[in-house]
Amino acid sequence: MTAGIKGYTFLLSFVLIVPSFAQLNVTPLTVYDSAAKKIDWTTAAKKHKWFSPYIMPAMLIGYGLTGLENDGLQNLNFEIKEELYTEHIHRNNHLDNYLQFSPALAVYSLNVLGIKGRHNFIDRTGIYLLSNLILNTTCQVTKTITHIQRPDGSSFTSFPSGHTSEAFASAEFLRQEYRDVSPWYGIAGYAVAATTGYFRMYNNKHWLSDVVAGAGVGIISTKISYWVYPHLKKVLFKNKASDTYVMPSYSNGSFGVGMLKVF
């Protein structure tokens, strides 16, 4: 196994395991600083409760941005490409086109089966649409600014991976809706998202740094959506009951409007 594959295995495990086990509410370890003063990370996390959920996705995005200029990370990108595609050229599959939406589809399927999540149909759909607005806008703007060529040379819209962003946004959506039911729903969603990222590289459509950054964008988009949506709902409807909801949407470079109506 080459150094590149070892590096990819570590990063894939990081992307998959860290956000999944974060929902298990494991008490952080107590450590000591250089002055031998005890640091209680649980207390520290509570003091910065609003910020702590964004640390991990911010790290993923930071890795991707660093990979745009860092020679070592770029070499790792090329090593991964060689192992997954150049040395074993194959016909691409289209599983990633469907896997990216699977965790979100699971949210609605579980509700149909009677396993209720945190929100009703209207609210969870509004949250999901808002998440997609954030991630698609972020991805499209960033792709235009960075102008990174895809591994297969097909275009200069490689960074970050939109499919991976969607997959991890959907996985976080599933985790948020069912975290109080069982952590395994979120773990399964993240497993599917990580698989989507793998297939983007397997199909020679993205570099590793694209996929890692895309994961961060997706996760943080959904987290922001869960925070913003209740405030947006109050502003739009002033706490009045409504059976019609209008939400902006953005996909594949096009803006639109989504409307939800309960009959």
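Legend: residues meeting side-chain hydrogen bond (donor to acceptor under 3.5 Å, both in side chains) with Ser225, ordered by chain and number and at least two apart, are absent. Here Thr138 pairs with nothing under the side-chain hydrogen bond (donor to acceptor under 3.5 Å, both in side chains) rule; sequence neighbours left out. Annotation: ring pair (Phe, Tyr, Trp, His ring centres under 6.0 Å) contacts of Phe101 (sequence neighbours excluded): none. By the side chain to side chain contact (heavy atoms under 4.5 Å, CB included) test, Leu95 pairs with Asn93, Leu99, Phe199, sequence neighbours left out. Shown here are the ring pair (Phe, Tyr, Trp, His ring centres under 6.0 Å) partners of Phe159, two or more places apart in sequence or in another chain: there are none. Lys81 is linked by a salt bridge (Lys or Arg N to Asp or Glu O under 4.0 Å) to nothing, counting only residues two or more places apart in sequence or in another chain. Contacts of His90 classified as ring pair (Phe, Tyr, Trp, His ring centres under 6.0 Å), with partners at least two apart in sequence or in another chain: Tyr85, Tyr202. Scored by the side-chain hydrogen bond (donor to acceptor under 3.5 Å, both in side chains) test, Ser165 finds no partners at all (sequence neighbours excluded). In this view, Asn97 and His163 satisfy the side-chain hydrogen bond (donor to acceptor under 3.5 Å, both in side chains) rule, not counting sequence neighbours. Residues forming a side chain to side chain contact (heavy atoms under 4.5 Å, CB included) with Asn70 (at least two apart in sequence, or on another chain): Thr66, Leu73.
In this structure, a donor-acceptor pair under 3.5 Å is absent between the side chains of Asn204 and Asn92. Using a 3.5 Å distance cut-off with no hydrogens or angles, the side chains of Tyr178 and Asn111 do pair a donor with an acceptor. For Thr144 and Gln140, the side-chain atoms include no donor-acceptor pair closer than 3.5 Å.
A salt bridge links Lys205 with Asp152; the closest basic N to acidic carboxylate O contact falls under 4.0 Å.
Rounded to the nearest 0.5 Å, atoms CD1 (Ile219) and OH (Tyr54) are 12.5 Å apart.
Residue Tyr98 is found outside any hydrophobic cluster, as its side-chain heavy atoms come under 4.5 Å of no other Ile, Leu, Val, Met, Phe, Trp or Tyr. Clustering of Ile, Leu, Val, Met, Phe, Trp and Tyr side chains at separations under 4.5 Å leaves Phe156 isolated, with no partner residue.
Each of Tyr190 and Leu105 belongs to its own hydrophobic cluster when Ile, Leu, Val, Met, Phe, Trp and Tyr are linked at side-chain heavy-atom distances under 4.5 angstrom.
No more than 12 heavy-atom neighbours from other residues, nucleotides or ligands sit within 6.0 angstrom of CD on Glu69.
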